[in-house]
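Remarks on the structure that follows.
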Amino acid sequence: MSEAEPRKHLKKQDFLLIGILLGGIAVLFLLQAPWDKTAGGAAVITVNGVETGVYPLDKDAVIPIQNAAGEVSNILTIKDGAAKMTEADCPDQYCVHQKKIRHKGETIVCLPNQVVVTVTGGTASEVDAVVR
Amino acid sequence: MEQKNKPSGVKRLAFLSILLALALILSHVEALIPFSFGIPGIKLGLPNALVLLALYLLGEKEACLLSVTRILLSALLFGTLLSFLYSLTGGILSLVVMILLKKTNRFHVVTVSICGGVTHNLGQLLIAAAFVSNLKVFYYLPVLLLAGFLTGALIGIISRELILRMSHFFRKEL
């Protein structure tokens with residue numbers, strides 16, 4: 001059990017497995033199309049899987065978000081075409097420290113409050129119907 | 001120094017206890033290091049170096065015991081129920097993968113650690129997606145997997161050095 005002393009160097013099978021992993025991660029990055037900087041049309045707020053609101057990004061707004069228990073737990077601020085979580089009642093404050101989101105697909109998650117904010121594309125007809 | 005009747009058992013127990021104490025301290029130290037790229041939950045995974053040490057020097061059962069007790073105790077000391085569930089899922093998933101990879105006896109510690117890091121973050125993201133009932137969480141998948149890869153590589157290199165040095169001291173009595 002304990003005789004497996006680590007080898008000094010990595011071997012062919014190590015590089016193969018590491019290569020496959022890195023390749024997989026690279027593909028996942030590419031699938032997100034990071035060069036696609038399509039300006040988002042609206043911020044969609046979801047609480048525990050239930051969509052609670054769609055807000056156009058071209059209109060400045062301060063939006064209180066209620067968590068699943070019905071208390072206001074987060075505040076989303078839309079300003080200059082970007083959405084940012086400006087307040088959260090959780091101790092870790094991860095979502096508040098996340099960058100502003102303005103491009104299609106970008107997402108802010110507040111795990112303790114089960115809040116997910118996603119930017120949807122500006123060209124999607126469904127969004128246009130809501131926004132305009 | 002040691003009891004003659006069961007030296008290896010006593011020594012293993014003592015060693016495992018030291019590892020657990022160290023892992024708990026590292027869990028706390030890790031929480032003190034500001035190490036975030038605006039992405040929730042990226043950590044170095046320092047305690048994992050000790051889990052790897054237990055896996056290579058003591059065995060699979062001991063590594064499982066160390067990992068689970070470490071996660072349970074650090075959740076009681078520093079965490080919440082939610083952080084406990086995340087750690088437990090990630091910890092168990094990565095441990096299973098690392099044990100299986102090590103069992104093949106074909107992979108380097110660094111490779112085993114990298115796979116552990118990647119699957120740890122994957123497990124946490126799966127729990128996160130289930131908790132918020134939203135697949136949009138997978139937006140973070142590539143970044144989290146890359147983070148798991150890099151931290152896993154770092155921890156793997158540390159573990160290799162530790163195992164090389166500790167096994168020399170340890171094998172005499174085993």
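Note on naming: letters A, B, ... go to the chains in the order of the sequence lines (proteins, then strands), and numbering restarts at 1 for each one. The basis for the numbers below is simple: all heavy atoms, side chains too, and nothing from hydrogens, waters or symmetry mates.
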For A/Ile75, the rest of its hydrophobic cluster, which grows through side-chain links under 4.5 angstrom: A/Val62

Distance, nearest 0.5 Å, that separates CD1 of B/Ile163 from CD1 of B/Ile158: 11.5 Å

Inter-residue atom distance B/Phe15.CZ - B/Leu58.CG, 0.5 Å rounding: 5.5 Å

Proximal component of A/Leu17, with respect to chain B [non-hydrogen, under 4.5 Å]: side chain

A/Asn48-B/Ser133 side chain donor-acceptor pair, cut-off 3.5 Å: yes

Contacts of A/Glu71 that satisfy salt bridge (Lys or Arg N to Asp or Glu O under 4.0 Å) - sequence neighbours left out: none

Engaged part of B/Leu146 at the chain A interface, taking heavy atoms whose separation is under 4.5 Å: both

Region of B/Leu135 that comes under 4.5 Å of a non-hydrogen atom in chain A: neither

Top contributor to chain A interface from B/Ala153, B/Pro142, B/Cys115 [non-hydrogen pairs under 4.5 Å]: B/Pro142

Residue-level interface, residues 16-29 of chain B with chain A, non-hydrogen cut-off under 4.5 Å: none

Within-4.5 Å side-chain heavy-atom neighbours: A/Tyr55 and A/Ile78: yes

Region of A/Thr107 that comes under 4.5 Å of a non-hydrogen atom in chain B: both

Main-chain N/O of A/Ala88 paired to A/Gln93 side chain as donor or acceptor, under 3.5 Å: yes

Atom pair CZ/CG of B/Arg106 and A/Asp14 - distance to nearest 0.5 Å: 9.5 Å

Part of B/Phe138 lying under 4.5 Å from any heavy atom of chain A: backbone

Contact winner vs chain B - A/Leu28, A/Val115, A/Thr46, A/Val27, heavy-atom pairs under 4.5 Å: A/Leu28

Atom group of B/Phe131 that falls short of 4.5 Å from chain A, counting heavy atoms: both

Under 3.5 Å, side-chain donor or acceptor atoms of residues 71-78 of chain B against the rest of the protein: list the pairs with distances, not counting sequence neighbours.
residue: B/Ser74; atom: OG; partner: B/Arg70; partner atom: O; Å: 3.1
residue: B/Ser74; atom: OG; partner: B/Ile71; partner atom: O; Å: 3.3

Short side-chain to backbone donor-acceptor contact, A/Asn67 and A/Val47, under 3.5 Å: no

B/Leu141 versus chain A, the contacting section by heavy-atom distance below 4.5 Å: side chain

